Amino acid sequence: MKNVVAFIRPERLPQVKQELFAKELFGLSVTNILGSGQQKGFTETYRGVTKEVNLLKKLRIELVVQEERLNDAISAIETGARTETEGDGIIYFQNIHGVRRIRTGEEL
Amino acid sequence: MKNVVAFIRPERLPQVKQELFAKELFGLSVTNILGSGQQKGFTETYRGVTKEVNLLKKLRIELVVQEERLNDAISAIETGARTETEGDGIIYFQNIHGVRRIRTGEEL
Amino acid sequence: MKNVVAFIRPERLPQVKQELFAKELFGLSVTNILGSGQQKGFTETYRGVTKEVNLLKKLRIELVVQEERLNDAISAIETGARTETEGDGIIYFQNIHGVRRIRTGEEL
Amino acid sequence: MSVCKSTLSRTGLVAVMTVLALGASATLVHAEEEAVYLTQTNANIVWTLLAAMLVMFMQAGFTLVECGLTRSKNAGNILMKNMLDFGVGTMLFLMIGYGLMFGKDIMGMIGTDGFFLSFIGSPSPSRDFDITFWFFQSVFAATAATIVSGSVAERTKFQAYIVISVLVTGLIYPIAGHWAWGGLTGNAGWLESLGFADFAGSTVVHSLGGWVALAGAMAVGPRIGKYMPDKKPRAILGHNMPMAGLGVFILWFGWFGFNAGSTTMADGSIGYIALNTSLSGCAGMIAAMITVWVRFGKPEASMTMNGVLAGLVGVTAGCSELSPFGAIMIGAICGVAVVVAIEFIDTVLCVDDPVGAISVHGVCGALGTLGVGLFASPEYGSITGFFYNGDLTQFGVQLLGVVVFFAWAFGAGIVCFKVVDSLVGLRVSRVEEIKGLDITEHGSEAYNGFQIFSVE
Amino acid sequence: MSVCKSTLSRTGLVAVMTVLALGASATLVHAEEEAVYLTQTNANIVWTLLAAMLVMFMQAGFTLVECGLTRSKNAGNILMKNMLDFGVGTMLFLMIGYGLMFGKDIMGMIGTDGFFLSFIGSPSPSRDFDITFWFFQSVFAATAATIVSGSVAERTKFQAYIVISVLVTGLIYPIAGHWAWGGLTGNAGWLESLGFADFAGSTVVHSLGGWVALAGAMAVGPRIGKYMPDKKPRAILGHNMPMAGLGVFILWFGWFGFNAGSTTMADGSIGYIALNTSLSGCAGMIAAMITVWVRFGKPEASMTMNGVLAGLVGVTAGCSELSPFGAIMIGAICGVAVVVAIEFIDTVLCVDDPVGAISVHGVCGALGTLGVGLFASPEYGSITGFFYNGDLTQFGVQLLGVVVFFAWAFGAGIVCFKVVDSLVGLRVSRVEEIKGLDITEHGSEAYNGFQIFSVE
Amino acid sequence: MSVCKSTLSRTGLVAVMTVLALGASATLVHAEEEAVYLTQTNANIVWTLLAAMLVMFMQAGFTLVECGLTRSKNAGNILMKNMLDFGVGTMLFLMIGYGLMFGKDIMGMIGTDGFFLSFIGSPSPSRDFDITFWFFQSVFAATAATIVSGSVAERTKFQAYIVISVLVTGLIYPIAGHWAWGGLTGNAGWLESLGFADFAGSTVVHSLGGWVALAGAMAVGPRIGKYMPDKKPRAILGHNMPMAGLGVFILWFGWFGFNAGSTTMADGSIGYIALNTSLSGCAGMIAAMITVWVRFGKPEASMTMNGVLAGLVGVTAGCSELSPFGAIMIGAICGVAVVVAIEFIDTVLCVDDPVGAISVHGVCGALGTLGVGLFASPEYGSITGFFYNGDLTQFGVQLLGVVVFFAWAFGAGIVCFKVVDSLVGLRVSRVEEIKGLDITEHGSEAYNGFQIFSVE
Ligand SMILES: Nc1ncnc2c1ncn2[C@@H]1O[C@H](COP(=O)(O)OP(=O)(O)O)[C@@H](O)[C@H]1O
Ligand SMILES: Nc1ncnc2c1ncn2[C@@H]1O[C@H](COP(=O)(O)OP(=O)(O)O)[C@@H](O)[C@H]1O
Ligand SMILES: Nc1ncnc2c1ncn2[C@@H]1O[C@H](COP(=O)(O)OP(=O)(O)O)[C@@H](O)[C@H]1O
């Protein structure tokens with residue numbers, strides 16, 4: 001089993017979900033994060049004082065997939081999340097050494 | 001060392017915590033996530049327009065444990081989180097290649 | 001490539017960011033978590049009933065770095081996050097088996 | 001615009017103007033050479049109407065307090081309940097309630113005419129006032145129902161709540177209200193005939209609501225997770241203290257209308273009635289804050305807010321009878337009592353009252369009513385209390401009223417809740433309660449975008 | 001402080017006192033032996049002023065409703081727009097609007113003097129009232145502009161909005177206002193001369209605002225993500241229902257000033273005007289709740305709130321002409337209509353109106369105005385509607401007024417929005433819209449600390 | 001209910017009614033054949049009471065503004081402080097303050113009787129008014145203390161704050177208040193004897209509060225993280241702009257009571273006083289918005305809100321003396337000044353004032369008071385300013401008053417804060433400040449469920 005993690009733009013989630021579901025990948029966990037990367041932040045002014053905001057709102061999505069579905073998962077996320085402008089994020093995967101479904105206790 | 005990650009129902013956290021603490025596993029990090037899996041979502045109606053909500057509120061819990069405590073951790077989480085209805089979530093673990101305590105810098 | 005994860009105090013983030021940026025590590029993702037460890041929680045009283053709060057607000061920071069930058073990353077985080085009091089958190093790293101930039105699709 | 005201005009002067013007479021304006025929106029009137037004065041009737045209409053507006057605005061305060069002291073997943077449901085209380089309450093009071101409460105009575109027990117606004121005749125100053133009086137009474141009726149909302153919050157079916165709200169405003173409140181206030185329209189309710197004094201409704205409105213709330217909280221049972229298996233209460237934290245705080249300020253503001261407006265007359269007494277109201281709220285706040293501080297170690301906000309409301313509820317019965325120091329005493333007593341009562345109800349009775357409605361309205365309403373028999377000052381209203389004349393007669397009558405209202409409201413409340421339970425079911429399912437009533441009963445959440453998680 | 005008190009009595013006379021106090025802050029006056037009474041002029045000033053305050057406070061209600069029904073990333077922008085409406089609106093009405101609306105007129109079409117408060121002369125009771133009347137009118141003017149804010153929310157440039165706000169309060173509203181209400185200052189607007197009746201502005205204020213809002217929503221286009229490629233609407237959830245709910249309660253409260261204050265006289269009619277206002281809001285709420293429940297399966301909060309406002313808008317034209325039952329009918333009709341209209345505009349017209357401003361103010365304002373021609377009761381105001389006399393003349397005039405205001409407001413609105421579009425551009429860029437106007441237009445977010453994410 | 005109605009008519013006489021009602025809640029009165037009119041005394045009571053209610057409601061506004069402009073972890077503490085200001089303030093003013101401020105004076109310096117409401121005698125119209133006047137003054141006193149709350153927010157011990165609040169309402173405010181307003185009860189405060197004019201308290205209430213706030217902010221020091229090691233200020237963002245915005249609207253609404261109510265008389269001048277108040281707020285808003293826009297690039301919301309309050313504070317001294325254009329001028333000056341002052345205090349003085357209380361109340365209060373000497377129009381109040389008569393005498397007196405109040409309030413403030421610091425300690429510990437005062441001082445958080453994180 002593999003663990004696929006991607007950092008994406010919040011507004012691309014619906015497309016990513018759509019792509020994943022289209023490939024029958026239904027297991028998915030989404031976390032709100034603040035991130036920095038190549039994309040620059042912005043500045044806020046509050047009561048006359050400038051504040052640099054260099055952590056932007058992003059989403060972290062995480063999927064546990066079978067070895068053979070890894071490429072499907074990655075390409076689905078890439079298709080859904082890509083806008084070709086800075087801030088699209090990265091995607092990585094890792095090995096997992098065991099997965100179980102809590103409801104049943106079965107190994108996946 | 002191992003990294004144990006589980007996706008559980010928010011309302012089961014107290015039980016999971018209790019089980020873990022009972023086994024003297026005190027190190028624990030909890031994140032709010034939105035997830036989809038086998039459990040179906042629900043629909044909202046707002047101002048006459050229907051909206052499908054297929055990401056449900058879940059928690060991601062993460063523990064760094066010693067090899068020998070791995071099974072304790074997994075069984076504690078399973079006991080605490082299981083309701084035997086759809087949406088109970090999954091649990092997985094990975095190898096970790098190094099852990100340090102920030103306060104002291106000591107390797108764990 | 002390595003994946004570095006650390007749990008730190010929220011109020012240390014600016015220092016950690018500064019240390020990382022100083023070392024030209026710009027890729028960074030921050031998540032809000034609730035955590036327990038060696039630090040004790042506190043009690044709230046609400047309408048006459050006491051409530052123990054043993055999950056404290058912490059941040060989870062995650063960096064994907066090249067093998068050779070691993071030590072830089074770890075030491076930057078440690079320098080930034082350390083207060084030498086309980087609650088400073090832990091830091092761990094894992095192997096990653098593939099990373100891609102979503103915008104371009106290039107392998108990193 | 002000097003031309004325009006002189007035109008203004010020419011159009012001074014109301015009658016002329018009305019014809020001229022042909023139904024237009026407003027009419028300018030100027031003092032003629034011979035001065036025209038505001039009649040006392042119209043002054044009373046202005047005052048009573050302003051007070052009614054303020055009491056109506058209290059509905060916002062109740063909503064915010066209840067909403068703030070409960071969890072975010074039920075905020076929309078609470079909003080709906082409180083809008084409903086006003087909407088349905090007014091309608092019911094229109095159709096049935098007012099007649100039962102203020103119609104020509106039978107043996108001081110119940111009114112029998114005046115349903116469906118049937119007392120409205122042809123235009124006259126007297127009709128103008130009657131309508132205003134009716135409006136003022138209708139906003140009071142809505143208040144009684146709203147109190148119940150708080151104690152059954154976060155677990156009651158919306159449909160069931162609608163029926164309860166109808167029963168409270170349509171039957172429970174007006175019938176008992178007649179006993180104490182029927183005299184306002186020339187009847188003689190049996191309690192007031194005995195001398196029972198409750199100027200603006202510590203008992204008639206607040207205790208009544210509070211005791212129905214008690215019946216409701218018992219009937220519907222505690223929220224999931226409120227009690228441990230060993231009956232030890234757990235804290236279920238309210239989601240928004242600033243919201244509740246704003247609610248308290250709005251209620252305080254509106255309470256000046258509630259109390260001082262209950263003269264339904266623009267006379268000189270409204271000043272000290274309002275002062276008493278304010279002082280009692282202040283005393284309640286300080287007393288509750290100190291009590292919480294001493295009892296639990298820290299001055300906690302939600303209880304302090306309950307203290308303000310406790311003081312306000314307490315002084316409602318006697319605001320026209322108390323000296324300022326009497327008002328402070330009543331407020332202080334209620335401020336202490338509310339903290340004690342909340343703990344007692346929570347830990348001893350094991351009744352889950354999320355916002356403290358039973359303690360604030362039921363208990364402090366009763367205490368305030370009894371207080372009239374003790375603290376009523378001969379220098380102010382028409383009654384003299386025990387501390388001024390050593391005579392417990394008035395106190396006895398007050399006690400009788402308090403007991404009668406408890407029996408009626410709690411009894412009728414229990415019956416109503418049981419009936420509703422068997423008809424539509426009182427309580428949502430376990431799954432619905434965990435998900436929150438906003439999604440399950442109303443189809444959409446109250447907050448969006450905000451990450452809201454309850455981890456226990 | 002007995003000495004002090006007797007001093008108080010000595011200083012009774014205003015004149016003496018003023019000299020004594022040498023410009024100090026307040027003056028105590030006591031009844032002399034011979035009673036002094038409040039003049040009707042001063043009573044009118046008190047009443048009109050109180051009403052004006054209440055209407056001013058409605059600005060808070062509008063802000064909260066709009067803010068609550070939109071996304072958190074634009075909350076600060078909405079706040080700014082609503083403060084601006086009042087600030088700029090008052091100034092524009094001062095400089096231009098009042099003169100166009102209430103100045104000496106040309107052929108019932110437009111006022112021509114009274115600009116820059118030029119009608120203010122030397123001190124006199126008449127001036128005192130005129131100023132108060134002016135103040136009351138100025139808060140009305142600000143209301144009209146604010147309605148537009150809602151329909152163009154979340155995507156309009158702040159600079160563009162400023163210009164629109166200026167045009168609405170400075171030109172669109174006062175010119176048309178003159179036609180219906182010029183008579184208040186002794187003119188004869190052409191519509192009122194025909195007998196058009198709109199007591200407090202269902203059409204003059206609300207429909208006018210609503211139709212400009214329609215023009216605006218069309219001109220600025222739907223929010224990103226509101227419509228699927230196949231024109232199916234998607235839900236963009238408001239971020240804070242309790243906030244919107246508080247806004248509704250504040251509006252309800254303020255509406256008593258809006259309607260009952262439109263007498264600008266402390267007379268006896270204010271009581272039933274307020275009662276009608278309240279009942280119509282209640283009926284609107286109940287009707288909308290039931291309609292939503294039946295139509296979409298659950299009693300949803302945001303539509304129910306729109307129902308309250310629908311009822312209040314509807315009754316505004318006829319509050320002084322309707323019997324209480326007429327007011328309930330109007331409210332119920334508007335409550336149903338608002339739900340239908342929102343769905344129609346959203347799904348058929350495909351016009352994106354985030355808060356329902358067009359349906360609430362435009363549609364229900366028109367319905368309420370027409371309703372006067374049907375339900376006006378001879379027992380109340382001076383007009384008799386079709387259901388009482390079988391005569392459709394009044395209805396015809398009402399219909400004419402409704403049509404004329406639609407044509408004017410929508411037409412002028414379209415022109416204004418086009419002009420503004422070509423001058424400064426109406427709409428923010430795609431990136432700015434996604435980021436939210438708070439950051440891009442005002443430089444800082446409305447909420448901080450709260451984790452706020454919109455995942456779709 | 002025709003029977004009932006005729007009963008109503010029969011029960012017209014108040015006296016008869018009171019007997020009949022036997023202490024019941026309300027009394028219906030109808031106009032008899034011979035008309036009865038509202039006495040001016042009772043009209044004054046009604047008006048003053050309504051104004052007092054509005055001023056009391058401002059407490060909600062202050063709470064929301066302070067709460068919204070600070071961080072969520074201290075929201076409950078701010079709520080508690082503001083409730084306390086009112087609760088304790090009223091009590092202190094009752095026991096000590098009123099006597100010092102309005103008691104029989106010694107050499108125009110200090111009042112010496114009237115403590116503990118001792119001026120209350122037997123029932124009379126004069127007593128009725130006196131009590132109302134007392135109530136009105138008590139809500140003013142609470143306002144002064146509340147201003148201080150803002151500048152010391154997020155870092156001050158709750159216990160310390162209680163003592164400060166007591167000292168401000170019990171000593172600092174009433175002593176100085178006597179100098180300017182003692183004449184209201186027939187004394188002659190030394191400043192007012194010189195001709196110092198501050199109608200509703202730009203200096204007496206607002207500047208006084210503002211200068212104590214300055215002393216407080218200096219004594220307690222900046223919040224952790226507010227200044228970089230090199231003294232460069234950093235932004236600590238307020239957590240809730242819509243909340244602050246609602247607070248501003250509530251304050252604006254209440255300010256009509258604050259200013260127009262300061263007549264404590266229902267006379268014709270209240271109309272233009274309210275108009276001036278409104279216009280100045282609008283001008284302040286627009287001026288501040290433009291200033292921020294020009295100075296910092298974007299029209300930021302929190303500064304614009306401060307602009308509204310700046311205008312309102314500024315016009316408070318002269319609202320009864322200014323022409324509408326004078327009011328606009330004062331508002332505009334204050335709107336610009338508040339932005340400049342906030343930046344100056346933040347970056348040059350390096351005093352950390354989270355909500356801008358010093359600039360809004362201290363600086364603009366002073367400017368508004370000086371403005372009376374320049375802009376007071378002979379057409380309105382009794383004073384004529386420099387721009388109308390070329391005479392700087394009045395301006396000189398105003399300047400004297402401003403300086404005296406600064407010296408007194410800042411001096412007494414510094415002493416008080418030092419004393420409190422040595423007694424109970426002013427400031428919470430570093431750890432407590434980071435955790436937030438809600439948990440450490442009050443034992444529970446203000447928001448629950450919401451994920452709230454501050455990452456820097
Ligand atoms: N090396 C990294 N480690 C952790 N997170 C990263 C890393 N690089 C990027 N991210 C995440 O991805 C988001 C987008 O990255 P960014 O570099 O701005 O996109 P792009 O690669 O398209 O320029 C960041 O905000 C961050 O959350
Ligand atoms: N393959 C997966 N990858 C990532 N997260 C998953 C996966 N499967 C489940 N989850 C997480 O677990 C939660 C519960 O999963 P679900 O499938 O509904 O439970 P169950 O397995 O009991 O039917 C999901 O909401 C999601 O957050
Ligand atoms: N074994 C662990 N697994 C997961 N998270 C941990 C673990 N130990 C610590 N943490 C995280 O680090 C935070 C700080 O840990 P803590 O033990 O209090 O610090 P310290 O090690 O300095 O005493 C915790 O709140 C938790 O979020």
Side-chain angles (χ1 to χ4, degrees), chain E residues 1-5 7-11 18 20-31 35-38 41-42 45-46 49 53 56-57 59-60 63-64 67 75-76 79-80 83 86-88 90-91 117 122-123 125 128 131-132 135 158 243 441-444 446-451, chain F residues 37-41 43-44 47 71-72 103-104 113-114 118-119 125-126 129 133 181 183-186 192 195 197-200 237 239-242 245-246 249 253 256 262-268 270-272 274-275 278 282 285-286 298-301 304 324 382-383 450-454:
Chain E
M1 201 159 108
S2 52
V3 179
C4 182
K5 205 156 60 78
T7 318
L8 283 176
S9 311
R10 264 190 282 118
T11 59
T18 307
L20 241 177
L22 282 162
S25 136
T27 311
L28 293 188
V29 187
H30 287 285
V36 179
Y37 297 105
L38 180 69
T41 303
N42 281 357
I45 289 174
V46 169
L49 179 57
M53 293 176 193
M56 182 271 156
F57 193 41
Q59 216 64 22
T63 308
L64 296 178
C67 214
L79 174 57
M80 287 296 288
M83 286 201 296
F86 193 74
V88 167
T90 305
M91 290 296 161
L117 284 181
S122 47
D128 284 343
I131 287 181
T132 311
F135 180 43
F158 187 60
M243 179 186 275
E441 293 281 277
H442 304 284
S444 69
Y447 297 98
N448 289 289
F450 295 100
Q451 298 303 307
Chain F
Y37 298 106
L38 180 70
T39 63
Q40 184 67 43
T41 303
N44 294 345
W47 173 248
R71 286 165 296 178
S72 53
K104 189 169 162 1
D113 66 2
S118 56
F119 61 88
S126 139
F129 181 78
F133 179 75
W181 287 352
L184 293 177
T185 51
E192 61 190 325
D198 181 5
F199 182 70
L237 280 67
H239 84 283
N240 201 328
M241 289 306 124
L246 174 59
F249 279 119
F253 177 55
F256 295 123
S262 284
T263 58
T264 66
M265 266 200 312
D267 71 359
I270 60 177
Y272 72 75
L275 175 64
S278 183
C282 291
M285 188 225 119
I286 296 172
K298 289 197 173 164
E300 195 252 325
T304 309
S382 51
I383 294 171
F450 295 101
Q451 298 303 308
I452 304 180
F453 277 83
S454 75

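Because the structure is predicted, anything quoted here is derived from the model rather than measured. Naming convention: chains lettered A, B, ... in sequence-line order (proteins, then strands); numbering from 1 in each chain. When reading the values below, keep in mind they use all heavy atoms of this one structure, side chains included, and skip hydrogens, waters and symmetry mates.
For the set Met243(E), Gln59(E), Glu441(E), Met83(E), the count of heavy-atom pairs under 4.5 angstrom toward chain F peaks at Met83(E). The most heavy-atom pairs under 4.5 Å with chain E, out of Gly245(F), Gly271(F), Pro299(F), Ala274(F), come from Pro299(F). Top candidate by heavy-atom pairs under 4.5 Å with chain F, chosen from Thr132(E), Leu49(E), Val46(E), is Leu49(E). Most heavy-atom pairs under 4.5 Å with chain E: of the set Phe253(F), Tyr37(F), Tyr272(F), this distinction falls to Phe253(F).
Ring geometry for Phe450(E) against His239(F) counts as tilted: the plane angle lies between 30° and 60°, on a 0 to 90° scale.
At a 4.5 Å heavy-atom cutoff, the contact between Asn448(E) and chain F is made by backbone and side-chain atoms alike. The parts of Met53(E) that come within reach of chain F are both its backbone and its side chain, each placing non-hydrogen atoms under 4.5 angstrom from that chain. In this structure, the portion of Met91(E) lying under 4.5 Å from any heavy atom of chain F is its side chain and not its backbone.
Residues Leu38(E) and Asn42(E) share a closest heavy-atom pair of CD1-CB, 3.7 Å.
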Point to revise | side-chain contact (heavy atoms from CB on, under 4.5 Å) assessment of Ile286(F) paired with Val88(E) | key: CA-CA 7 Å; Ile286(F) 296 172; Val88(E) 167; 4.0 Å; yes
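Residues Cys282(F) and Phe86(E) are in side-chain contact: their nearest non-hydrogen atoms beyond the backbone lie under 4.5 Å apart. In this structure, Trp47(F) and Thr263(F) have side chains that are in contact, with non-hydrogen atoms separated by less than 4.5 Å. The shortest distance between side-chain heavy atoms of Pro324(F) and Leu275(F) falls below 4.5 Å.
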